[in-house]
Amino acid sequence: MTGQAQAGRPIKLLRNLNAKIASIPMILTALVIFVGGTFWTVFYSFTNSKLLPRLSFVGIDQYERLWAAPRWVTAIENLALYGILSLIFSLVIGFVLAALMDQKIRFENTFRTIFLYPFALSFIVTGLVWQWVLNPDFGVQSVVRSLGWTSFTFNPLYTPEIVIYGILIAALWQGTGLVMCLMLAGLRGIDEDIWKAARVDGIPMWKTYLLIVIPMMRPVFITTIVIIASGIVKVYDLVVAQTSGGPGISSEVPAKYVYDYMFQAQNLGQGFAASTMMLLTVAIIIVPWAYLEFGGGRKRG
């Protein structure tokens, strides 16, 4: 009987054969375009390629030049500051808005649409809108001064020390609505009995969120963090629309550095080296997380 049962079972490799055949184009696309493109970029980052790729190896000269460039160092510092603040504020504001929306308020659909609407706009449009809002001649500073506060100064996009915060404001305005919707979906998935039990036990609302609800929403937070992080690493449009990297190089970011060197300065080798460093930064963050999330979890199971 055991032999017959085993004979009747399909070979493991042939299970879900149609689905596996259908996934072949996607797998080939990932291997050829993404993996192949990655190796191609890393390979040519060790060459002296200019307008076109060429096999003129220079070792790690491109990387030494990269880290000696003040523009690249400024771009990394801006990305780190922008990334940390964007991640923190997006999660905090998005969760607070979701918690307020979860109180079954009136006109919830209207408010949800209003908060999510900025995410439907392109980053270029958002950047241009906030460039106007933050312009000292006819933006916030001009409006406040017209009300009588003539000494009021709010000019982030033209002040090198705080220009990155002006870009951050626009990014939070556009992306926080999406975070709110993700968090709201997670909150709506919490069993109502948990809320009732917390109220019966006399647990304060803030403790219920902090000690019970947020740990239960761990998958939602992970998904949200991945979405936010992907937007942080590739931030480009907002910077170009608002400041074009200025004043000077004070709002430079890695993606703009890569674009400028590859397509304007016609220095592919330097652009490839910068792209490789961006890839390495992402790998340093993602690989340990993936191991702890999937590898570590399997071992515990």
Side-chain angles (χ1 to χ4, degrees), residues 75-103 105 108 110-131 133-134 140 154 156-157 162-190 206 209-211 213-243 251-256 278 281-282 284-286 288-290 292-293:
I76 293 296
E77 291 173 350
N78 285 337
L79 185 67
L81 179 61
Y82 171 87
I84 293 171
L85 294 178
S86 179
L87 192 63
I88 293 173
F89 283 109
S90 293
L91 289 174
V92 171
I93 297 173
F95 184 81
V96 170
L97 289 175
L100 294 174
M101 297 283 286
D102 195 41
Q103 305 305 311
I105 62 175
E108 177 189 327
T110 303
F111 284 115
R112 191 166 59 227
T113 302
I114 292 172
F115 286 129
L116 188 59
Y117 176 75
F119 187 75
L121 301 176
S122 71
F123 286 104
I124 291 293
V125 172
T126 298
L128 292 175
V129 168
W130 279 95
Q131 183 191 56
V133 172
L134 299 177
V140 174
F154 186 67
L157 297 185
I162 60 172
V163 63
I164 197 66
Y165 300 106
I167 296 171
L168 177 65
I169 292 171
L172 292 175
W173 179 79
Q174 181 165 30
T176 304
L178 176 65
V179 176
M180 181 205 70
C181 288
L182 294 171
M183 295 294 174
L184 184 60
L187 288 172
R188 293 286 163 85
I190 303 295
W206 68 271
Y209 278 111
L210 189 63
L211 302 178
V213 174
I214 291 179
M216 293 181 66
M217 291 176 59
R218 182 169 175 266
V220 177
F221 274 92
I222 290 174
T223 301
T224 305
I225 289 171
V226 170
I227 293 173
I228 296 173
S230 66
I232 290 170
V233 173
K234 64 182 183 182
V235 61
Y236 171 80
D237 312 61
L238 279 177
V239 175
V240 172
Q242 287 186 274
T243 66
S251 61
E252 190 73 25
V253 289
K256 185 176 181 299
M278 291 178 65
T281 303
V282 173
I284 290 173
I285 298 171
I286 295 298
W289 167 81
L292 293 173
E293 185 65 22

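The structure presented is a predicted model; accordingly, all values stated were derived computationally and were not measured.
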Exercise: identify the closest heavy-atom pair between [X] and [Y]:
| X | Y | value |
| --- | --- | --- |
| Gln103 | Ala99 | NE2-O, 2.9 Å |
| Thr224 | Met183 | OG1-CE, 4.0 Å |
| Ile228 | Ser86 | CG2-OG, 4.4 Å |
| Ile124 | Asp237 | CD1-O, 3.8 Å |
| Met278 | Val233 | CE-O, 3.5 Å |
| Leu182 | Val220 | O-CG1, 3.5 Å |

Step by step, work out the side chain to side chain contact (heavy atoms under 4.5 Å, CB included) result for Glu108 and Leu184.
CA-CA 11 Å; Glu108 177 189 327; Leu184 184 60; 4.0 Å; yes

Between Phe95 and Tyr209, is the gap from one ring center to the other below 6.0 Å?
yes

For the pair Asp102 and Arg188, evaluate side chain to side chain contact (heavy atoms under 4.5 Å, CB included) and give the outcome as yes or no after the intermediate values.
CA-CA 7 Å; Asp102 195 41; Arg188 293 286 163 85; 2.7 Å; yes

What's the verdict on side chain to side chain contact (heavy atoms under 4.5 Å, CB included) for Tyr117 and Ile114, showing C-alpha distance, side-chain angles and the deciding distance?
CA-CA 5 Å; Tyr117 176 75; Ile114 292 172; 5.9 Å; no

Just checking, any donor-acceptor pair under 3.5 angstrom between side chains of Thr243 and Ser251?
yes

Determine whether more than 12 heavy atoms belonging to other residues, nucleotides or ligands lie under 6.0 Å from atom [atom1] of [X].
| X | atom1 | answer |
| --- | --- | --- |
| Phe119 | CZ | no |
| Tyr82 | OH | yes |
| Phe221 | CZ | yes |

Rounded at 0.5 Å granularity, tell me how far [atom1] in [X] sits from [atom2] in [Y].
| X | Y | atom1 | atom2 | answer |
| --- | --- | --- | --- | --- |
| Trp173 | Thr126 | CH2 | OG1 | 5.0 Å |
| Leu116 | Met180 | CG | CE | 6.5 Å |
| Ile164 | Ile169 | CD1 | CD1 | 11.0 Å |
| Leu238 | Leu168 | CG | CG | 10.0 Å |

Should Leu81 and Tyr165 be marked as a side chain to side chain contact (heavy atoms under 4.5 Å, CB included) after you check the CA-CA gap, both sets of side-chain angles, and the distance that decides it?
CA-CA 9 Å; Leu81 179 61; Tyr165 300 106; 3.7 Å; yes

Gln131 side chain vs Gln242 backbone, donor-acceptor pair below 3.5 Å
yes

Looking only at atom types and distance, does a side-chain atom of Ser230 sit under 3.5 Å from a main-chain N or O of Ile227, one as donor and one as acceptor?
yes

